[in-house]
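For this chain, numbers begin at 1 and follow the sequence in order. These numbers come from the heavy atoms of this one structure, side chains and all, not from hydrogens, waters or symmetry mates.
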Amino acid sequence: MQKQILAYNFTAERLAALKLACMLLKVQLKAVPREAMLQPLGAIAGVPGVAPVEEVYSGAEAAEEMLIMCGLTRPELDRLLVAIKKGKLQQVALKAMLTPTNAAWNAVQLQQELAEEHAYMHGKQAPKPQHK
């Protein structure tokens with residue numbers, strides 16, 4: 001799998017800052033348009049065997065930025081997170097690595113899961129969601 005970052009819901013200014021961090025790490029950045037929110041993450045990342053769907057997202061504009069890291073090693077991930085923290089971005093709340101499990105999910109599903117986990121980790125929600 002190609003090393004890349006999928007970026008959802010970024011403003012042009014924040015996307016430019018992310019692009020700089022990715023260039024420093026020699027990782028491709030792909031800004032995913034809102035219309036592709038229902039596409040399987042693996043299809044967008046080019047994972048063999050994960051096919052795109054016909055559906056086009058027409059729902060509400062998502063408020064939270066989300067990053068999906070694809071094919072990065074642990075040291076590369078660590079360098080990316082440090083670059084985000086020390087750069088203009090400072091923080092991106094919703095982040096995930098592409099896995100065999102979430103490769104079949106779409107961005108709406110993953111964003112909901114990550115938002116629940118983020119809220120739980122920051123004490124904003126009582127029980128952690130159950131994984132099935």
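In this structure, Gln39 contributes its side chain and Val53 its backbone to a donor-acceptor pair below 3.5 Å. A side-chain donor-acceptor contact under 3.5 Å links Gln111 to the backbone of Glu64. Using modelled atom types, no side-chain atom of Lys3 and backbone atom of Glu76 make a donor-acceptor pair closer than 3.5 Å. Between the side chain of Arg34 and the main chain of Asn9, no donor-acceptor pair closer than 3.5 Å is present.
Note: the hydrophobic cluster containing Leu114 also contains Leu41 (ILVMFWY, side chain heavy atoms under 4.5 Å, direct or indirect links). Hydrophobic clustering (ILVMFWY, side-chain heavy atoms < 4.5 Å, transitive): Leu94 and Leu81 are in distinct clusters. Following chains of ILVMFWY side-chain contacts shorter than 4.5 Å, one cannot reach Leu25 starting from Met23, and the two form parts of different hydrophobic clusters. When the side chains of ILVMFWY residues are joined at heavy-atom separations under 4.5 Å, either directly or via intervening members, Leu67 and Leu6 end up in two distinct hydrophobic clusters. With hydrophobic clusters built from ILVMFWY side chains whose heavy atoms lie under 4.5 angstrom apart, Phe10 shares a cluster with Leu80.
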Next on the checklist: Applying side chain to side chain contact (heavy atoms under 4.5 Å, CB included) to Arg14 and Val92, what does each step give before you reach the verdict?
Outcome noted: CA-CA 10 Å; Arg14 288 186 54 83; Val92 177; 4.0 Å; yes

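To the nearest 0.5 Å, atom CG of residue Leu89 and atom CD of residue Glu13 are 9.5 Å apart. The NZ atom of Lys86 sits 13.5 Å away from the CD1 atom of Ile84 when rounded to the nearest 0.5 Å. Remark: Lys30 NZ to Cys22 SG distance equals 13.0 Å, nearest 0.5 Å. If you take CG on Leu18 and CD1 on Ile5, they are separated by 7.0 Å, rounding to the nearest 0.5 Å. Rounding to the nearest 0.5 Å gives a distance of 8.5 Å between CD of Gln91 and NZ of Lys85.
With a 4.5 Å cut-off on side-chain heavy atoms, Ile68 and Ile44 do not count as touching. Taking the side chain as every heavy atom from C-beta outward, Leu20 and Lys88 never approach each other to under 4.5 Å.
Heavy-atom minimum distance, Ala45 versus Cys70: CB-SG, 3.9 Å. Nearest heavy atoms, Met37 versus Tyr8: SD-CD2, 3.6 Å. The two atoms that bring Val50 and Ala103 nearest to each other are CG1-O, 3.7 Å, heavy atoms only. Considering every non-hydrogen atom in both Pro40 and Ala51, the closest pair reads CG-O, 3.5 Å. For Tyr57 against Ala60, the heavy-atom pair with the smallest separation is OH-O, 2.7 Å. Among all heavy-atom pairs drawn from Met97 and Leu72, the shortest one is CE-O, 3.4 Å.
Shown here is Glu35, whose CD atom has more than 12 heavy atoms of other residues, nucleotides or ligands within 6.0 Å. Within 6.0 Å of atom NZ in Lys19, 12 or fewer heavy atoms from other residues, nucleotides or ligands are found, so the atom counts as exposed in its surroundings. Counting non-hydrogen atoms of neighbouring residues, nucleotides and ligands closer than 6.0 angstrom, the CD atom of Gln90 exceeds 12 such neighbours.
Taking the side-chain contact (heavy atoms from CB on, under 4.5 Å) definition, one finds that Gln109 meets it with Trp105, Asn106, sequence neighbours left out.
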